[in-house]
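Note that ligands are numbered from 1 as they come in the structure, with each ligand's atoms numbered from 1 the same way. Since we're looking at a predicted model, the values are computed, not measured.
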Amino acid sequence: MHYQPKSDLLNHRIILVTGASDGIGREAALTYARYGAEVILMGRNPEKLQQVEQAINQLNLCPAHTVVFDLAEATPERCQQVAEQLAQQFPRLDGVLHNAGILGEIVPLAELDPQVWQQVMNINLDATFFLTQALLPLLLKSDAGSLVFTTSSVGRTGRAGWGAYAVSKFATEGMMQVLADEYKNQSLRVNCINPGGTRTKMRASAFPQEDANKLKTPADLMPLYLYLMGDDSRRKTGISFDAQPGRKPGAAE
Ligand code: NDP
């Protein structure tokens, strides 16, 4: 995407990023902070989150905040508790990037371990829903809230072997569409981003033989991640965006 954001695009914006400890989420958190946002880092690994928090604080802009929360443990009650704690610290949320996710196993559905199915659905879908439901009141306090889910090309067209991951991303697209319609007359916009094949540990585990140097890096995707959190996308809702439009899904050539 060719998008040149203003350097103060996200000034005074409070943005929560899940899976902020690594990969695309880490890069998005750092990028939002560079553009002026107050960032809330959510993840399960305190040490990795602390490194991201330190990197943000070294920018000498808005200090970051960390919330350690393992989405595998997410229940509606725990998500409500997290939201209540956030409400004591922050007046509102202007953006939530649901980025955390797991791949599960790349095997035919007939062979997929039902426990793996449940883990993937639990983290990629159920936890994302519980957290969204709990955070909606804080998002609706913003004059221009942006809720962004993370999808995948296998969440639009099924592909053999992608099992629970693909199904969870189809459901994510559905959740985005339902919410976008429900809030179409309010200050909240709801969209999806499909990053496309990107150089991260998840991608390496899905395609271990691939030359990672041929892939885009998380930093390459950031124009779209910025666009959807800033004022320039205020009127966009219910859309599933591609961070790498035109890229053919699957392994890099
Ligand atoms: P990574 O595996 O590099 O990062 C995933 C992030 O999610 C990490 O911060 C990880 O934490 C966090 N996470 C995983 N499980 C949990 C959990 N139980 N609780 C809290 N946090 C958790 O993946 P990517 O950066 O590649 O993926 C980011 C998103 O983009 C995902 O939703 C993925 O499905 C999607 N995507 C990625 C593509 C790619 O090619 N990379 C392509 C299409 C979609 P920790 O650091 O502790 O592991």
Side-chain angles (χ1 to χ4, degrees), residues 16-31 39-53 55 66-75 78-79 82 96-104 106 116 118-128 130-132 148-157 159 162-173 175-176 192-208 210-222 224-225 228 240-245 247-252:
L16 184 146
V17 178
T18 74
S21 55
D22 211 332
I24 297 168
R26 180 185 192 280
E27 189 63 38
L30 279 158
T31 304
V39 181
I40 304 164
L41 310 166
M42 186 176 277
R44 62 183 168 181
N45 183 318
E47 290 79 29
K48 285 167 81 175
L49 288 170
Q50 206 185 359
Q51 284 172 14
V52 183
E53 188 179 318
T66 291
V67 178
V68 179
F69 188 41
D70 184 345
L71 293 175
E73 313 280 313
T75 59
R78 287 202 184 129
C79 290
V82 168
V96 172
L97 172 63
H98 283 291
N99 158 84
I102 60 167
L103 187 62
I106 308 259
V116 173
Q118 278 174 335
Q119 281 163 6
V120 173
M121 288 301 171
N122 189 15
I123 291 169
N124 292 8
L125 184 61
D126 296 350
T128 303
F130 300 151
L131 197 57
T132 299
V148 179
F149 294 102
T150 308
T151 184
S152 164
S153 51
V154 295
R156 297 171 181 163
T157 307
R159 198 182 316 151
W162 285 76
Y165 179 82
V167 178
S168 75
K169 296 297 188 183
F170 267 90
T172 300
E173 296 258 1
M175 183 157 54
M176 176 277 283
C192 276
I193 294 179
N194 169 24
T198 308
R199 202 184 307 167
T200 66
K201 70 175 159 65
M202 180 187 284
R203 177 75 189 186
S205 68
F207 295 98
E210 179 179 66
D211 178 359
N213 292 319
K214 294 192 172 151
L215 294 169
K216 297 282 188 203
T217 64
D220 295 326
L221 316 181
M222 289 303 121
L224 178 61
Y225 280 77
L228 283 180
S240 191
F241 289 88
D242 285 300
Q244 301 182 54
R247 184 183 187 280
K248 215 172 119 231

Within 4.0 Å of some non-hydrogen atom of Gly196, the atoms of ligand 1 are 39 (C), 40 (O), 42 (C)
One finds that the ligand 1 atoms under 4.0 Å from a non-hydrogen atom of Asn45 are 47 (O)
Would a 4.5 Å heavy-atom cut-off, applied to side chains only, mark Pro195 and Thr150 as touching? yes
protein heavy-atom neighbour closest to atom 26 (O) of ligand 1 works out as Thr200 OG1, 2.5 Å
Worksheet entry | Sidechain N-carboxylate O distance under 4.0 Å for Arg247, Asp242 | no
In this structure, atom 45 (P) of ligand 1 is nearest to the protein heavy atom Ser21 OG, 3.4 Å
For Lys48, the atoms of ligand 1 under 4.0 Å from one of its heavy atoms are 45 (P), 46 (O), 48 (O)
For Tyr165 and Leu103, the nearest pair of non-hydrogen atoms, with its separation, is CB-O, 3.4 Å
Among non-hydrogen protein atoms, atom 47 (O) of ligand 1 lies closest to Arg44 NE, 2.9 Å
Contact region, Met42 to ligand 1, non-hydrogen atoms below 4.0 Å, reads neither
Heavy-atom nearest pair, Leu125 first then Thr172, reads CD1-N, 4.3 Å
CG (Leu215) and CZ (Arg203) are apart, to the nearest 0.5 Å, by 5.0 Å
Checking heavy atoms under 4.0 Å, the part of Leu71 that sits near ligand 1 is both
- Query: Do ligand 1 and Lys169 have nitrogen or oxygen atoms that lie under 3.5 Å from each other?
  - Reply: yes
Checking heavy atoms under 4.0 Å, the part of Arg26 that sits near ligand 1 is neither
Within the 4.0 Å heavy-atom cut-off, what Ile123 brings close to ligand 1 is side chain
Atom 12 (C) of ligand 1 sits nearest the protein heavy atom Gly19 CA, 3.7 Å
Quick look: Thr151 vs ligand 1, heavy-atom contacts under 4.0 Å, and the answer is backbone
Per-atom filter on ligand 1: closer than 4.0 angstrom to a heavy atom of Tyr165 are 33 (C), 34 (O), 35 (C), 36 (N), 43 (C), 44 (C)
side-chain contact (heavy atoms from CB on, under 4.5 Å) evaluation trace for Val167 with Met121: CA-CA 8 Å; Val167 178; Met121 288 301 171; 3.5 Å; yes
Within 4.0 Å of some non-hydrogen atom of Gly197, the atoms of ligand 1 are 40 (O)
side-chain contact (heavy atoms from CB on, under 4.5 Å) with Phe130: of Thr128, Asp126, Thr132, only one passes, and it is Asp126
Q) Does NZ in Lys216 sit with more than 12 non-hydrogen atoms of other residues, nucleotides or ligands closer than 6.0 Å? A) no
Nearest non-hydrogen contact to atom 21 (N) of ligand 1 from the set Ser153, Ala100, Pro218, Ala204 belongs to Ala100
Among non-hydrogen protein atoms, atom 39 (C) of ligand 1 lies closest to Thr198 N, 3.6 Å
Nearest heavy-atom approach of Ala243 to Ile193 is CB-CG2, 4.3 Å
One should read off an interatomic distance between Ser168 OG and Gln119 CD, to the nearest 0.5 angstrom, of 12.5 Å
One finds that the ligand 1 atoms under 4.0 Å from a non-hydrogen atom of Ala72 are 18 (N)
shortest atom 5 (C) of ligand 1-to-protein heavy-atom contact is with Gly101 O, 4.0 Å
When distances are taken from atom 2 (O) of ligand 1, the protein heavy atom at minimum range is Lys201 NZ, 3.3 Å
Between the main-chain N or O of Leu41 and the side-chain N or O of Glu53, is there a donor-acceptor pair closer than 3.5 Å? no
Check: Would you call Glu73-Arg44 a salt bridge at under 4.0 Å N-O?
Finding: no
From the list Leu221, Leu97, Val17, Thr217, side-chain contact (heavy atoms from CB on, under 4.5 Å) with Ile24 holds only for Leu221
The closest protein heavy-atom partner of atom 43 (C) of ligand 1 is Pro195 CD, 3.7 Å
With heavy atoms and a 4.0 Å threshold, my read on which part of Ile102 contacts ligand 1 is side chain
*Taking the inter-plane angle between the rings of Phe149 and His98 on a 0 to 90° scale, is it parallel (under 30°), tilted (30 to 60°) or perpendicular (over 60°)?*
parallel
Under 4.0 Å from one or more heavy atoms of Asn99, ligand 1 contributes atoms 28 (C), 29 (C), 31 (C), 32 (O)
For Phe69, the ligand 1 atoms with a heavy-atom partner under 4.0 Å come out as 19 (N), 20 (C)
